[in-house]
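A quick write-up on the structure given underneath.
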Number of protein chains: 2
Amino acid sequence: MHWIVQYIHDMPETTPVDQVMELVSLLQRDMAHSFARDGLTEARAHLLWVLQDGPTTQRALADALRVTPRNITGLVDGLVASGHVVRRAHPTDRRATLVDLTEPGADLLRSMTEGYAEMHEVLFGGLPDRELAAFGRTLGRVVDRLRARLVEEGIG
Amino acid sequence: MHWIVQYIHDMPETTPVDQVMELVSLLQRDMAHSFARDGLTEARAHLLWVLQDGPTTQRALADALRVTPRNITGLVDGLVASGHVVRRAHPTDRRATLVDLTEPGADLLRSMTEGYAEMHEVLFGGLPDRELAAFGRTLGRVVDRLRARLVEEGIG
DNA sequence: TATTGTTATACTCTATAACTATA
DNA sequence: TATAGTTATAGAGTATAACAATA
């Protein structure tokens, strides 16, 4: 299938898998840059992102970020120090801690959400609707395949 | 454009950007799992991958991996300890060190290359040629846009 | 003077294990 | 007993700064 990309970019060795890998690499760099500009690391940005859904226990954050509870302690410590979140007592479970956004944290999350929305324009702006629709259909299948593979391998 | 994915997956809030982000997330997890199975971290796997092109100076590795030369010292130390690479004297520049694959390192790189080739089947196997071609065309444009954005922002 | 790679130091993310408080 | 979060400890990746050897 080399010809697909050859035709467009004249890069004789580029395959669709290469394109996907480059997309991943570019997106990682772009996001890391955005987060750093906001004074965030990727892990802390991820945690903040999860807090969109409201105050969350550290246990739930550990599940969402797929890291151990111990890591959440450190990430929350950092975000408390930077003034983005606060720890609050859980109303019914005295073992648990709720992590909640501060006002500056909520502001930052809002700007992150706006950046996420702008990503649509960056990636797909000006693309014909039919082309975008077809792309979305195929991408949906690819994502489903990959998700199935992870489940198969017991990574899910 | 929400309807695109709604139509297929009945996930009312999923956008093409969400799909791309999930693709990135799933691929990261899949790769991290593969590398760990081979006793590698992502950073060391990346370094090994660059060595496909032959013996390489640490300076060149730093550029390829986009990290400081100091980091390369640590990564190469680890790969030397695990027996995957060796340091060799540069034939003409006595300041420089060439990093080269050992036989076990070359074997592992070969299996990584095979895994990369199999990724085509995982992601696209069974997809009609026309659909894959269209996907590759659109993905090429998306990657180009993203690359341009990074250059614009001075990240390139 | 500039470059290559190192030592020294520090920060972040990650993990496991042992522990306290609570359910 | 089980769960939520912490302290203790360790390893890996990253960075800057200062340095020695070489170009």
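Model, not experiment: these values are computed from the prediction. All chains are named by letter (A, B, ...) in the order of the sequence lines, taking the proteins before the strands, and each is independently numbered beginning at 1.
- Salt bridge absent: B:Arg110 and B:Glu114 never bring a charged side-chain N and a carboxylate O closer than 4.0 Å.
- A heavy atom closer than 4.0 Å to some atom of DNA chain C occurs in B:Thr57, these being the qualifying members of residues 37-57 of chain B.
- For the pair B:Asp63 CG and C:dT3 C1', the interatomic distance rounds to 12 Å; values are reported in whole Å.
- Straight-line distance from the CZ atom of B:Arg94 to the C1' atom of C:dT6: 17 Å, rounded to whole Å.
- A:Thr68 comes within 4.0 angstrom of a nucleotide base, judged by non-hydrogen atoms across all strands.
- Atom pair B:Phe35:CZ and D:dG13:C1' shows a separation of 15 Å (rounding to whole Å applied).
- Of the candidates C:dT6, D:dT3, C:dT14, C:dT14 carries the atom nearest the A:Asn71 side chain, counting heavy atoms from C-beta on.
- Between A:Arg66 atom CZ and C:dA15 atom P the separation is 12 Å, expressed in whole Å.
- Residues B:Leu79 and B:Val86 do not share a hydrophobic cluster, clusters being chains of Ile/Leu/Val/Met/Phe/Trp/Tyr side chains in contact below 4.5 Å.
- Between A:Thr92 and B:Asp93, the residue anchored nearer the 5' end of DNA chain C, judged by the nucleotide with its closest heavy atom, is B:Asp93.
- Between C:dT4 and B:Arg87, no contact under 4.0 Å exists linking OP1 or OP2 to a side-chain N or O.
- Among the heavy atoms of the strands lying under 4.0 Å from B:Thr97 are primed sugar atoms or P, OP1, OP2 only; no base atom is included.
- Follow the hydrophobic side-chain contacts under 4.5 Å out from A:Leu98 and you never reach A:Leu51; the two are in separate clusters.
- For A:Ser82, the side chain to side chain donor-acceptor pair (under 3.5 Å) criterion is met by A:His84, not counting sequence neighbours.
- Side-chain N/O atoms of A:Thr73 include one lying less than 4.0 angstrom from OP1 or OP2 on D:dT6.
- Listed nucleotides: C:dG5, D:dT3, D:dG5. Nearest to the side chain of A:Arg95: D:dT3.
- Atom CD in B:Gln58 sits roughly 14 Å away from atom C1' in C:dT3 (whole-Å rounding).
- Here D:dG11 presents its P atom at 17 Å from CG of B:Leu75, a figure rounded to the nearest Å.
- Atom pair B:Leu61:CG and D:dG13:P shows a separation of 14 Å (rounding to whole Å applied).
- Side-chain to base pairing of B:Arg59 with C:dT4: no donor and acceptor N or O lie closer than 3.5 Å to each other.
- In this structure, B:Arg141 pairs ionically with A:Glu131, as a charged nitrogen and a carboxylate oxygen lie closer than 4.0 Å.
- Relative ring orientation between A:Trp49 and A:Tyr116 is described as tilted, the plane-to-plane angle lying within the 30° to 60° band.
- Using a 4.5 Å cut-off between side-chain heavy atoms of Ile, Leu, Val, Met, Phe, Trp and Tyr, with links allowed through other members, A:Leu127 and A:Leu139 fall into the same hydrophobic cluster.
- At a threshold of 4.0 angstrom between heavy atoms, the contacts of B:Ile72 with the nucleic acid are absent.
- Comparing atom distances between the B:Arg70 side chain and each of D:dG13, D:dT6, C:dA8 picks out C:dA8 as nearest.
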